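Note sheet for the following structure.
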Amino acid sequence: LIIIALIVLILNLNFVKSLNECDGTGFEIKNDSSINAIIKQVRDAFLATRPIPFDRLDATVLIPPKSPGDPWLRGSYNGFEVAYPASCVKFGYLIATMKWCNDKGLPPNCLDNHIRPMIKDSDNLETGVVVDYITGAPNFAPANQSEFDAWTSKRFYTQNYLATLNLFSNEMVILSKTYPSNSGQGPTLAEQQIIDTYGRNSLNSICTATWMLEVSQGYLQPQATDYMLELLSHQRWSDQTSFGYGLPPGTIMRNKIGLAYDTVEEIAHLTLPNSREVIVTAFSNGYDPSQPFPYDGSTLGVFIEMLLDQLGLTQGAPAKIVVQTSNKNNIWFEGRWVEHNEAPDKFGSNYYTTNSSIAIGGWNVEFPQDGLYEVAVWFPQSNSFGSANVNIHHADGLATFTANQKHYGGRWQYIGDFNYKKGLMKSVISVQSNNPSNSSLLTVINAAKFTLWPNCNGIPGTTCQQTIPQRKFTRKTRK
């Protein structure tokens with residue numbers, strides 16, 4: 001009986017350890033099964049709609065406390081599953097560099113010439129310079145095992161620091177540069193040997209979410225908080241994010257993306273235009289090189305939009321109006337259009353195609369208020385589709401956008417920002433073939449989205465929320 005009791009105790013201790021691993025030291029975190037369920041539901045629905053199928057998507061969400069003293073709520077799907085992080089590893093090197101500068105009595109921007117392009121532009125060469133600086137271990141040819149071991153112990157600088165703060169899992173690896181780097185097009189000499197010995201860099205979504213929690217809330221290297229958040233700030237609809245392609249206008253985004261091989265990964269702190277905060281990390285094999293740059297890494301934008309909506313975090317945000325072909329009340333057609341429902345990457349339940357150069361279809365839209373609206377369109381993609389003219393009527397006139405319908409499928413494609421007046425506006429958006437009259441290529445119409453920009457003090461396109469998060473919640477006592 002004593003032996004059985006000891007076994008149960010050990011199992012319970014291991015269970016507690018697994019729950020607390022990578023919780024950091026700054027904040028109370030509580031695992032929430034309802035968030036787990038929402039992540040899985042959204043994940044499954046999202047993966048079923050991808051034009052180029054992929055099967056790996058691990059994610060973690062952290063939601064702030066409702067009241068001071070309450071814990072952060074966490075949900076995840078395969079949160080401890082490690083994956084090659086590509087350039088997400090640079091976030092870890094950013095944190096380690098802040099310690100390195102501080103230990104030397106230097107300001108947070110002591111390596112700004114290298115850190116800034118590493119984070120802002122995801123520059124690999126500058127990442128190599130940073131790694132060499134903070135570890136004191138540039139690449140070399142070790143003469144024996146002892147020399148390699150001494151060099152390797154220095155390369156453990158970032159891992160060791162994160163481990164002391166309970167921000168590291170034993171399955172993770174943060175030892176290598178991203179290539180091509182300052183030491184060559186690929187790993188050689190000691191840098192190849194360390195990969196052969198310990199494997200490639202690998203991270204997971206739970207630990208990296210806690211990194212972002214402690215950075216964004218000013219707990220980890222607090223003297224460098226504003227500097228790190230400024231470096232991590234990126235624009236939506238850019239090559240430095242995947243989430244940004246699904247976030248509402250006015251969102252303040254601090255993030256690091258990773259794109260390489262088949263991977264699309266992102267670590268992000270988001271402040272939505274309704275002032276709701278959330279931290280989301282996602283690790284996937286959803287990179288799609290068939291898409292034109294920068295949409296090759298944009299697929300997680302659909303996932304994040306679905307996730308935020310299902311979590312209820314967009315309630316109270318500026319209006320979002322989605323019109324689609326399955327809603328017969330506000331759509332109109334001229335000419336011959338054929339209804340379809342077979343494409344997995346369609347929006348809603350159907351879409352329409354035409355092979356006519358004169359057929360046209362579009363929507364009437366009811367706008368809830370005057371304002372500046374961001375406009376995006378959605379099409380399924382196919383090699384049988386060609387080019388379409390998207391005509392946007394707005395308060396100031398007409399704009400025409402040419403859409404390549406062979407690509408960009410199953411995601412929102414940004415058109416522009418336009419002013420609209422409150423009320424019903426007919427023929428706001430229309431789609432017409434841009435293919436040659438003798439072409440066999442089809443034109444497709446499916447969905448459009450109009451999202452109101454926030455307005456602060458009469459200035460459209462601005463938000464009154466703070467650019468730096470309010471760090472107002474109770475922290476743990478540092479041990």
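Fair warning: this is a prediction, and the values are worked out from it, not measured in the lab.
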- What's the verdict on salt bridge (Lys or Arg N to Asp or Glu O under 4.0 Å) for D70 and K30, showing C-alpha distance, side-chain angles and the deciding distance? CA-CA 9 Å; D70 289 347; K30 179 182 178 182; over 6 Å; no

- Item | Stepwise side chain to side chain contact (heavy atoms under 4.5 Å, CB included) test for I115 and V130 | CA-CA 7 Å; I115 280 286; V130 169; 4.0 Å; yes

- Hey, mind stepping through Y295 and Y245 against ring-ring contact (aromatic ring centres under 6.0 Å, His included) and telling me if it holds? CA-CA 9 Å; Y295 283 82; Y245 289 74; 5.1 Å; yes

- Show your working on side chain to side chain contact (heavy atoms under 4.5 Å, CB included) between F91 and T208 and close with a plain yes or no. CA-CA 9 Å; F91 185 29; T208 52; 5.6 Å; no

- Taking it one step at a time, do F303 and F46 satisfy ring-ring contact (aromatic ring centres under 6.0 Å, His included)? CA-CA 6 Å; F303 172 71; F46 164 72; 5.7 Å; yes

- Take R411 and D345 through the test salt bridge (Lys or Arg N to Asp or Glu O under 4.0 Å) and record every step on the way to the result. CA-CA 8 Å; R411 70 203 72 207; D345 54 336; over 6 Å; no

- How far apart are the C-alpha atoms of Y408 and V377, what are their side-chain angles, what is the distance that settles it, and do they pass the side chain to side chain contact (heavy atoms under 4.5 Å, CB included) test? CA-CA 10 Å; Y408 306 99; V377 292; over 6 Å; no

- Task: Under the salt bridge (Lys or Arg N to Asp or Glu O under 4.0 Å) rule, what do K177 and E126 come out as? Steps first, then yes or no, please.
- Result: CA-CA 10 Å; K177 299 174 181 177; E126 298 293 0; over 6 Å; no

- Before giving the answer on side chain to side chain contact (heavy atoms under 4.5 Å, CB included), spell out for F148 and T197 the whole-Å C-alpha distance, their side-chain angles and the decisive distance to 0.1 Å. CA-CA 11 Å; F148 173 71; T197 304; 4.0 Å; yes

- In sequence, state the C-alpha distance, the side-chain angles, and the governing distance for K449 and E374, and then conclude on salt bridge (Lys or Arg N to Asp or Glu O under 4.0 Å). CA-CA 8 Å; K449 179 171 67 170; E374 179 180 273; 5.8 Å; no

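Going from atom CD of E265 over to atom CG of N285 covers 8.5 Å, rounded to the nearest 0.5 Å. With values rounded to the nearest 0.5 angstrom, Q192 atom CD is found 4.5 Å from D196 atom CG. Note that CE of M118 and CG of D121 are 11.5 Å apart. Values are rounded to the nearest 0.5 Å. Rounding to the nearest 0.5 angstrom, the gap separating the CG atom in L231 from the CG atom in D112 is 6.5 Å. Taken to the nearest 0.5 Å, the CD atom of E28 stands 8.5 Å off from the CG atom of D23. Once rounded to the nearest 0.5 Å, the distance linking OG1 of T60 with CD of E81 reads 11.5 Å.
Residues W151 and A137 come closest through the heavy atom pair NE1-O, 3.0 Å. When every heavy atom of T271 is checked against every heavy atom of H269, the shortest pair comes out as OG1-CE1, 3.3 Å. Contact record, A96 with Y157: O-CE2, 3.7 Å, taken as the closest heavy-atom pair. The minimum heavy-atom distance linking L203 with V173 is given by the pair CD2-O, 4.5 Å. Of all non-hydrogen atoms in R50 and V302, the two that sit nearest each other are NH2-CG1, 3.9 Å. G409 approaches P51 most closely through the heavy-atom pair O-CG, 3.5 Å.
Side-chain atoms of Q240 never come within 3.5 Å of backbone atoms of H234 as a donor-acceptor pair (strictly under, hydrogens ignored). Remark: the backbone N or O of C101 is not paired with any side-chain donor or acceptor of K104 at under 3.5 angstrom. Checked by atom type and distance alone, the side chain of D58 never pairs as donor or acceptor with a backbone atom of S205 at under 3.5 Å. Listed for the K90 side chain is a donor-acceptor partner under 3.5 Å among the backbone atoms of S122. Here the side chain of N350 pairs no donor or acceptor atom with the backbone of N341 at under 3.5 angstrom. When atom types are taken as modelled, the side chain of W237 and the backbone of Y414 share no donor-acceptor pair closer than 3.5 angstrom. When atom types are taken as modelled, the side chain of T210 and the backbone of I206 share a donor-acceptor pair closer than 3.5 angstrom. Between the side chain of R43 and the main chain of L57, a donor-acceptor pair closer than 3.5 Å is present. Looking at K120, its side chain does come within 3.5 Å of a backbone N or O of S233 through a donor-acceptor pair. Formation of a donor-acceptor pair under 3.5 Å by the S87 side chain with backbone atoms of I257 is not found in this model.
Remark: the E171 side chain and the S202 side chain contain no N/O donor-acceptor pair separated by less than 3.5 Å. Judged by distance alone, the side chains of E191 and S183 do bring a donor and an acceptor atom under 3.5 Å apart. Looking only at atom types and distance, the side chain of N124 has a donor-acceptor partner in the side chain of T178 under 3.5 Å away. Y287 and D296 are linked by a side-chain donor-acceptor pair at a separation below 3.5 angstrom, with hydrogens and angles left out of the test. With 3.5 Å as the limit, one finds no donor-acceptor pair spanning the side chains of Q405 and Q413. Between the side chains of Q221 and Q223, at least one donor-acceptor pair of N or O atoms lies under 3.5 Å.
No side-chain heavy atom of L73 sits less than 4.5 Å from a side-chain heavy atom of L62. The side-chain heavy atoms of F450 and V322, taken from C-beta on, include no pair separated by under 4.5 Å. Under the 4.5 Å side-chain criterion, counting only non-hydrogen atoms from C-beta, I35 is in contact with I39. R74 places none of its side-chain heavy atoms less than 4.5 Å from the side chain of V61. With contacts defined as side-chain heavy-atom distances shorter than 4.5 Å, the pair N404/Q381 does not qualify. You'll find the side chain of N455 stays beyond 4.5 Å of the side chain of L372, heavy atoms only. Annotation: side chain of R56 is not in contact with side chain of N78 (no heavy-atom distance under 4.5 Å). Side-chain contact between L47 and F54 is present, with heavy atoms from C-beta onward closer than 4.5 Å.
The aromatic rings of W72 and F27 lie perpendicular to each other, with more than 60° between the two planes, well past the 30° mark. Below 30°, between 30° and 60°, or above 60°: for H114 and Y133 the angle between ring planes is between 30° and 60°, a tilted geometry. F347 and W412 have tilted rings, their planes meeting at an angle from 30° to 60° on a 0 to 90° scale. Between F367 and Y420, the ring-plane angle classifies as parallel under the 30° and 60° cut-offs.
Partner N139 forms a side-chain hydrogen bond (donor to acceptor under 3.5 Å, both in side chains) with one of D132, N182, T188 and no other, that one being T188.
A salt bridge between E230 and R116 is present, with a side-chain N of the basic residue lying under 4.0 Å from a carboxylate O of the acidic one.
Around CD of Q235, the count of heavy atoms belonging to other residues, nucleotides or ligands within 6.0 Å does not exceed 12.
Taking the six-membered ring for Trp, F379 and Y351 have ring centres at least 6.0 Å apart.
Both tests hold for R236 against W453: distance to the six-membered ring centre under 6.0 Å, angle to the ring axis within 45°.
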